[in-house]
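Below you'll find the structure, written out as structure tokens, and then a few comments.
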Protein chains: 2
Amino acid sequence: MPPPASAVRPVVTEAPQGDTKARLLDAVVQIFAEQGFHATSMRAVTQLAGTSVSAANYHFGSKEELLRAALIQRAAPLNGLRLKALASAEAQTSPGPARVKAILEAFIVPLFELRTDPQHQEDSGRALAARLYVDPPELVKKMQQEVFGAVTAEFREALGRAVTGADREQLGLALELSFGVVVHLISGRFVWPDPRVDPSGTKRKKVVDSLVSFATAGLVALVCDEQQNPKKVGIRKK
Amino acid sequence: MPPPASAVRPVVTEAPQGDTKARLLDAVVQIFAEQGFHATSMRAVTQLAGTSVSAANYHFGSKEELLRAALIQRAAPLNGLRLKALASAEAQTSPGPARVKAILEAFIVPLFELRTDPQHQEDSGRALAARLYVDPPELVKKMQQEVFGAVTAEFREALGRAVTGADREQLGLALELSFGVVVHLISGRFVWPDPRVDPSGTKRKKVVDSLVSFATAGLVALVCDEQQNPKKVGIRKK
DNA sequence: GTCTATATGTTGATAGAC
DNA sequence: GTCTATCAACATATAGAC
């Protein structure tokens, strides 16, 4: 929100580059995504943002609220992309439910389409989301539910419509494992193809394709396992 | 069931069961597995062990060395079980290579067979292993390689023998994603069946089975994808 | 070996000048 | 709004008595 254009604004206090609030949000995202909550100190964040600890606490009140504000801001575009992709996937097979692979694609691919300002590390959005799933503090888990819970629920429901007969428990487990594949690829030690070697992004796309294929195959294997739920489970073809 | 050790009791264990060193190793494992490296303080560990910070530093020298000693101690039985299971899987199909599912089973199932003293939290071994894969600090990643690297390499090679034609890159990605499934199930928010409701462990076994099935299906889908590597990849049936 | 006491640095948060 | 200065509480590690 821009500052209210006060009538008696004395001198044009030219903000150097973007205002302090924005720089703080950028900084906390970057450090938290890499190091986790406990290792993210206010000093490191404010130093990276080129300001002081007191300025951060003036704007956000506390370390926790600073992180929360950043998460809410950054989760919005990802949630938007995911819901749009899910709607598109469901529209393609309307009036029937979407295919399983299309649903997982709608969940995964937007993670790799995030592109904010060129000044940002290109993968801050992804690493941030992944960190929310692996960081131990209870408050981080709550924030994860807070910023991703609603959209995750939408995908859960869409998947429930696409698969017939599987009990909710087994389907929930399968979806959870699919999350695991995604989270681990992002937060793990996987080394992405160097953009200088792979300027067109062909290799990157291949990795994302593999990710979707892996999750889909795993999920289908679970909800269709005859031994687990004989003769009652199937994938809706259309 | 003894009260959860997270309660900060001024542990006056009149009869020190086991020596101080052992109690320190137990304590650091428990807290680190739950909270991660940065959130694991020497104070919390030594308090849980019913001793002092100086005693811990006398025995282990530093926080890092205390954790390293604990990891080496705890990783040994898991590594043993895994290698034994892998050898058994390869023996069954000798002289040919083992089947993919048998290899993944040999990697995953031992995680759930760990049972140390009854005094321990039953899943400390699992949670510990998982934490090594998600904790940010560089030194934790090094320790993970230190205690699990050799055995992981064995499984990588066994998998290379079981799958024909897939390039190493794709196979490495597939194996990494399989790790992700396991790690996320253990370190994530998944709620295991209550042992009081599931005393025989039937439900637990079912979950582990699902885990293996998911990973196997995902891996096979990647290394056999015709689009990725047409006509050259196959799974050795025997 | 284990303790108390302490050294030395970092943390999150606040007070108050400007 | 942003800063410097300061706080109490925490961190890891060490010194020395017993």
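Chain A is the first sequence line, chain B the second, and so forth, proteins listed ahead of strands; every chain is numbered from 1.
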**Q.** Annotated protein contacts, base or backbone, on nucleotides 13-18 of chain C with a non-hydrogen cut-off under 4.0 Å, one of B, S, - each
**A.** BBB---
Taking atom [atom2] of [N] as reference, at what distance in whole Å does atom [atom1] of [X] sit?
| X | N | atom1 | atom2 | value |
| --- | --- | --- | --- | --- |
| E65(A) | dG12(C) | CD | P | 15 Å |
| I31(B) | dA11(D) | CD1 | P | 10 Å |
| L24(B) | dT12(D) | CG | P | 13 Å |
| Q47(A) | dT4(D) | CD | C1' | 15 Å |
| H59(A) | dG12(C) | NE2 | P | 18 Å |
| F60(B) | dT14(D) | CZ | C1' | 18 Å |
| L66(A) | dG12(C) | CG | P | 11 Å |

Counting distance only, does the side-chain N/O of [X] pair as donor-acceptor with the main-chain N or O of [Y] below 3.5 Å?
| X | Y | answer |
| --- | --- | --- |
| S178(A) | A174(A) | yes |
| D135(A) | V140(A) | no |
| K63(A) | T40(A) | yes |

Q.
Pairs counted only when both distances fall under 3.5 Å, Watson-Crick or G-U: show me the 5' to 3' dot-bracket for DNA chain D, [ ] for pseudoknotted crossings and | for other-strand partners.
A. ||||||||||.|||||||
(Q) Using 30° and 60° as the class boundaries, would you call the ring planes of F112(A) and W192(A) parallel, tilted or perpendicular? (A) tilted
Q. Which class fits the ring pair F107(A) and F179(A): parallel under 30°, tilted 30 to 60°, perpendicular over 60°?
A.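 Geometry flag for F179(A) against F107(A): parallel rings.
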Salt bridge [X]-[Y], side-chain N to carboxylate O under 4.0 Å:
| X | Y | answer |
| --- | --- | --- |
| D26(B) | R74(B) | yes |
| K142(B) | E146(B) | no |
| E34(B) | R131(B) | no |

Q) For K141(A), does the NZ atom sit with more than 12 other heavy atoms under 6.0 Å from it, leaving out its own atoms? A) yes
Q.
By the 4.0 Å heavy-atom rule, please label T46(B) as base, sugar-phosphate, or nothing.
A.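 Nothing, no nucleic acid heavy atom in range.
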(Q) Check the phosphate of dC3(D) against S52(A), side-chain N and O only, distance under 4.0 Å to OP1 or OP2. Yes or no? (A)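 For dC3(D), OP1 or OP2 has a side-chain N or O of S52(A) closer than 4.0 Å.
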Q) Can you tell me if the side-chain N/O atoms of H38(A) get under 4.0 Å from OP1 or OP2 in dT11(C)? A)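 The answer is no; no side-chain N or O of H38(A) sits under 4.0 Å from OP1 or OP2.
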